[in-house]
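What follows is one structure encoded as structure tokens, with my remarks underneath.
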Amino acid sequence: MRYYIFCATLLLSSKFLAQQQPVFKKEKICVIGTGYVGLVTGIGLAHIGHDITCVDIDAKKIANLKNNIIPIYEPGLKELLIPAVKKRDNSKQSLRFNTSIDHEIQANDIIYIAVGTPMSDEGHADLRAIEATLNNIAKNITTKKIICMKSTVPVGTCAHAKQTLIKKGVNPLLFDIVSNPEFLKEGTAVEDFLHGDRIIIGCENKSAGERIKNLYLPLINNGMKYLITNLESSELTKYASNGILATKIAFINEIAQLCNKVHANVQDVATGMGMDKRIGNKFLNPGPGFGGSCFPKDTKALEATMKKNNLDAHIVRTIFKSNEQHKQVILDRINTALENKENVAILGLTFKANTDDIRYSFAIDLIENLQKKNKNIKAYDPQGTDNMKQLFPNVTYCTSKEDAIKNADLIVIVTEWDEFKTLDLKTCAELCRTKCIVDTRNIFKPQELKRHNFTYFNIGNM
Ligand code: UGA
């Protein structure tokens, strides 16, 4: 008898649990902004089954996207885009591109804001694009929407956005604001979207948060973790995460400078530290200082937020500064190595490998420094040349690494592209005029460089 009662309870509770399990629902979503974040988010959400329209005011960009031309180099993104667009009429997936923001706000239930929040001159996040988007939303809300903040915004922005909409006359019952920051890395954004560590959702209204969570059900069912919290905690999780990652990099770079002085090997120190699970071995690679569109701007913005809240945050206010100082140490070393030498070959222009993004790349500081000293610069990058050309038209851009190295007096490795890691040092030694390498990514083994009679400097051995 007891056994039957047990089985019946089990059956009932499993039925109850099954009823509780959320089921995937295809949602109609408009993603505003087709920059790096908006595009990966839009294409990713379409890939997992939603009905997506990506909108942007940039008509040329949208026209290109309609023809499957992606404005950024991001491995794997096109492979996701094409099937999502093709299956537009199929019941499973859909992805469209459009410039008509007003119409798309009206036509979709969920509005993702993914516009840029660049660094202002004062170091704050510039929220003008967010304000403009809120204006558009206010003018076009007639039915209930969830407004989901994907852009990286300082803590308090979502609450402020809600007040802004109300002030503009929008009925608060017509919308819920949800924060859903992104944690994608350029170069591995597709992988990070599909198999990232976590999804963070901040909300005031729990059911709106749940609805955003359920968008990601295929990923969650595949093991991705999620956390639902309040708006502010979610916004701050983004900045705190970028802050700690940038701190790890700035820290290992400072340790590398100490290694220079005390004959320690920074690679071994980093490996040894990383063996402690509490520290972990990720983001401890010494390099030319962090760059990119996120760490510099987000560490500065976090510093500004601390100040605004009357906090004298010792760690946060030195992350960016430490990074700038580190870059200067490398530039000083390069300048010393360059005495009586004229020709510099720069290998790598982007802020990291597998992207065409040059924002805050060490290559920018390096070219500025070399141009001031009237050095001849030849540069090669597999993807970043076109972007760098716009900033520095007077550099000689090469179509191969060999071409850049030819007759060089000094080779500077800026980016850790795979094709540089496999550089044939024998050919390299034959091509250049003076055998001298500054390896800011520590991609070469010092013994190998010595074997080919190179004078070399790397991070930790300047
Ligand atoms: C960073 C974060 O890693 C993402 O989680 C976040 O979503 C993103 O910012 C963002 O806020 O949008 P990203 O800037 O694309 O991603 O690239 P990272 O791989 O983090 O590299 C940033 C910089 O740090 C690069 O210059 C890279 O070369 C440098 N770095 C990274 C190091 O010098 N050493 C390391 O060990 C790791």
Side-chain angles (χ1 to χ4, degrees), residues 31-33 35-38 40-41 110-120 122-134 137 145-166 172 175-185 192-193 196-213 215-216 224-247 292-311 313 315-317 319-320:
V31 179
I32 303 178
Y36 169 78
V37 172
V40 177
T41 304
I110 298 175
I111 317 291
Y112 264 73
I113 302 182
V115 295
T117 53
M119 196 198 301
S120 71
E122 302 83 41
H124 298 271
D126 179 343
L127 298 180
R128 278 177 298 179
I130 300 275
E131 295 291 334
T133 307
L134 291 172
I137 294 175
K145 314 276 174 202
I146 294 181
I147 299 164
C148 186
M149 190 66 81
K150 198 70 180 164
S151 302
T152 299
V153 290
V155 56
T157 306
C158 286
H160 177 75
K162 180 179 174 183
Q163 292 313 317
T164 306
L165 290 177
I166 294 171
F175 71 94
D176 283 304
I177 299 222
V178 173
S179 154
N180 175 215
E182 60 89 15
F183 298 100
L184 312 167
K185 297 187 294 304
D192 292 344
F193 182 91
D197 289 332
R198 80 298 208 192
I199 297 159
I200 303 289
I201 293 160
C203 55
E204 270 183 350
N205 176 346
K206 189 109 197 293
S207 73
E210 281 290 329
R211 192 155 160 207
I212 294 297
K213 182 208 90 185
L215 294 180
Y216 299 100
M224 202 181 286
K225 291 184 200 137
Y226 69 89
L227 175 74
I228 302 187
T229 177
N230 69 11
L231 290 169
E232 290 77 10
S233 309
S234 168
E235 292 169 322
L236 197 49
T237 301
K238 167 71 191 184
Y239 278 93
S241 300
N242 275 1
I244 191 75
L245 291 171
T247 304
S293 67
C294 306
F295 288 171
K297 102 174 150 66
D298 293 350
T299 48
K300 284 300 279 181
L302 186 58
E303 188 188 336
T305 306
M306 291 275 189
K307 251 192 212 152
K308 199 174 147 198
N309 286 279
N310 299 320
L311 293 167
I315 295 174
V316 169
R317 77 174 139 86
I319 309 172
F320 184 84

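Everything numeric here is computed off the predicted structure, so don't read it as measured data.
Thr247 contributes atom OG1, which lies 3.5 Å from atom CD1 of Ile319 (distance to the nearest 0.5 angstrom). Taken from SG in Cys148 to CD1 in Ile32, the straight-line distance is 11.5 Å, to the nearest 0.5 Å. Atoms OG1 and CG, on Thr237 and Asn242 in that order, are 11.5 Å from each other to the nearest 0.5 Å. Rounding to the nearest 0.5 Å gives a distance of 12.0 Å between CD1 of Ile199 and OG of Ser234. Taken to the nearest 0.5 Å, the CD1 atom of Ile201 stands 13.5 Å off from the CG atom of Asn230. Note that NZ of Lys206 is 8.0 Å distant from NZ of Lys213, once rounded to the nearest 0.5 Å.
Side-chain atoms of Glu182 come within 3.5 Å of backbone N or O of Leu184 as a donor-acceptor pair. Panel note: side chain Ser233, backbone Thr229; no donor-acceptor pair is recorded below 3.5 Å.
The shortest side-chain heavy-atom distance between Tyr36 and Ser293 does not fall under the 4.5 Å cut-off. With contacts defined as side-chain heavy-atom distances shorter than 4.5 Å, the pair Ile212/Ile110 qualifies. Between Ile200 and Asn180 the shortest side-chain heavy-atom distance does not fall below 4.5 Å. The shortest side-chain heavy-atom distance between Ile137 and Ile113 falls under the 4.5 Å cut-off. Between Phe175 and Asn205 the shortest side-chain heavy-atom distance does not fall below 4.5 Å. Between Lys297 and Thr152 there is a side-chain heavy-atom pair separated by less than 4.5 Å.
With sequence neighbours left out, the side chain to side chain donor-acceptor pair (under 3.5 Å) criterion links Glu204 to Lys162.
Of the charged side-chain nitrogens involved, none lies within less than 4.0 Å of a carboxylate oxygen, so that Arg128 and Glu131 do not count as a salt-bridged pair.
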**OP:** Kindly indicate, with the supporting measurements, whether the criterion side-chain contact (heavy atoms from CB on, under 4.5 Å) is fulfilled by Ile111 and Val31.
**Re:** CA-CA 6 Å; Ile111 317 291; Val31 179; over 6 Å; no

**OP:** Report the C-alpha distance between Val153 and Glu235 in whole Å, list the side-chain angles of each, state the deciding distance to 0.1 Å, and finish with yes or no for side-chain contact (heavy atoms from CB on, under 4.5 Å).
**Re:** CA-CA 7 Å; Val153 290; Glu235 292 169 322; 3.9 Å; yes

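Stacking of Arg198 on the aromatic ring of Tyr226 is not recorded, the 6.0 Å distance cut-off and the 45° axial limit not both being met. Taking the centre and axis of the six-membered ring of Tyr112, the NZ or CZ atom of Lys150 falls outside the cone set by 45° and 6.0 Å.
No more than 12 heavy atoms of other residues, nucleotides or ligands lie within 6.0 Å of CD1 in Ile315, so this atom counts as exposed by the packing criterion. Environment of CG in Asp197: sparse, with no more than 12 heavy atoms of neighbouring residues, nucleotides or ligands closer than 6.0 Å.
The two residues Ala246 and Thr299 come nearest to each other via the heavy atoms CB-CG2, 3.7 Å. Pairing each heavy atom of Phe193 with each of Val40, the nearest pair is CD1-O, 4.3 Å.
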